[in-house]
Amino acid sequence: MSRRPIGVFDSGVGGLTVLKELIRRLPNERYVYFGDMARAPYGTKSKETVTRFSKQIVRFLQTLDVKAIVVACNTASAVALKAIEDGFDLPVIGVVKPGAKAAADATKTGRIGLIATEASISSGIYEEYLNKYNPDIKLIGKACPLFVSLVEEGCIEDPVTTEIARRYLSAFKGTDIDTLIMGCTHFPMIEDTIQRVAGDHVRLVNPAFETAKSTQQMLEERDMKNDNEIPVDEEAYRFYVSDSPERFRRIANLFLPLSIAGARQISIEEY
Ligand code: DGL
């Protein structure tokens, strides 16, 4: 059981920020990553559509004998996690709950900002979790869809990204937030810019760290963690995509210091 891979999925490349944290915390695990490049972005789609896509991906990952699923995509975690938990007999971890917990622990003012996709913001799920931890917390959300394209275009340290960040983050002026959740896979890639614009008094929360921690806990509790060193080869990290692997490889290299030479294309609509 412990030697089986962990299935990780996202709408595209962004989930590699989560995979990076998983590998850092759980280096002896094998991983299968699926990026739904053909159907991204998820952040502008309906709950029904994202749920259907997510279930297809989990069915595909099951064919590779995964022992657990990490939903690396914030949007899919926000709108489809419950359907995945209910529909499959596999342990599933999403990124929303761990991110909300970290933010609830961090805030002193009880005012938390959330930057994410439109679908994640309007799902209301962050508020739901935050208020479970502390009913007095107030959440102020701002959809930041352009950040996704900027990161994918490689505009990491770029005046255009800084300008867009200024415009987006002006939504938090006068709100007294002291904590800001980077509730989208791509945003940790531009963390420095976000931090500069938000100011030092705002603590940024990267849900990927907490997700990796929750995954470790879950594996330990179920006695599923692999403690034996594994050879780092193509079998240790396998990548699948729903569109041409070329673009995935090119953008993936911005995210991960790993060779993604062997990414394979599959037909996800068949699952
Ligand atoms: N992966 C998505 C998320 O974290 C961002 C990109 C998209 O909209 O598909 O919400």
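Values below: all heavy atoms of this structure, side chains included; hydrogens, waters and symmetry mates excluded. Since we're looking at a predicted model, the values are computed, not measured. Read the numbers this way: they start at 1 and go in the same order the structure lists the ligands and their atoms.
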Inset, instruction - Answer yes or no: is there a donor N or O on one side and an acceptor on the other, between the side chain of Asn226 and the main chain of Glu29, under 3.5 Å? - result: no
Legend entry - Salt bridge present between Lys213 and Glu210 (N-O < 4.0 angstrom): yes
Inset, instruction - Output yes when the distance from some N or O of ligand 1 to some N or O of Gly43 is under 3.5 Å, and no in every other case. - result: yes
Inset, instruction - Could you tell me whether the side chains of Tyr42 and Asn74 share a donor-acceptor contact shorter than 3.5 Å? - result: no
Inset, instruction - Give a yes or no on whether the ring-centroid distance for Phe147 and Tyr168 is below 6.0 angstrom. - result: yes
Inset, instruction - Would you confirm whether the ring centroid of Tyr33 sits within less than 6.0 angstrom of the ring centroid of Tyr240? - result: no
Legend entry - Interfacing atoms of ligand 1 (cut-off 4.0 Å, heavy-atom, Tyr42): 7 (C), 8 (O), 9 (O)
Legend entry - Proximity to ligand 1 by part of Asn74, non-hydrogen separation under 4.0 Å: both
Inset, instruction - Taking only heavy atoms of Thr75 into account, list the atoms of ligand 1 that are under 4.0 Å away from them. - result: 3 (C), 10 (O)
Legend entry - Close-contact set for ligand 1 against Cys184 heavy atoms, below 4.0 Å: 3 (C), 4 (O), 5 (C)
Legend entry - SB check Arg196 Glu191 (cutoff 4.0 Å): no
Legend entry - N or O pair under 3.5 Å between Thr44 and ligand 1: no
Legend entry - Gly14 to ligand 1, any heavy atom closer than 4.0 Å: no
Legend entry - Per-atom contacts of ligand 1 with Pro41, taking only distances under 4.0 Å to non-hydrogen atoms: 7 (C), 8 (O), 9 (O)
Inset, instruction - Can you measure from NZ (Lys45) to OG1 (Thr117) and round to the nearest 0.5 angstrom? - result: 11.0 Å
Inset, instruction - For Asp10, counting its heavy atoms only, list the atoms of ligand 1 lying under 4.0 Å from any of them. - result: 1 (N)
Legend entry - Identity and distance of the protein heavy atom lying nearest atom 6 (C) of ligand 1: Ser11 OG, 3.6 Å
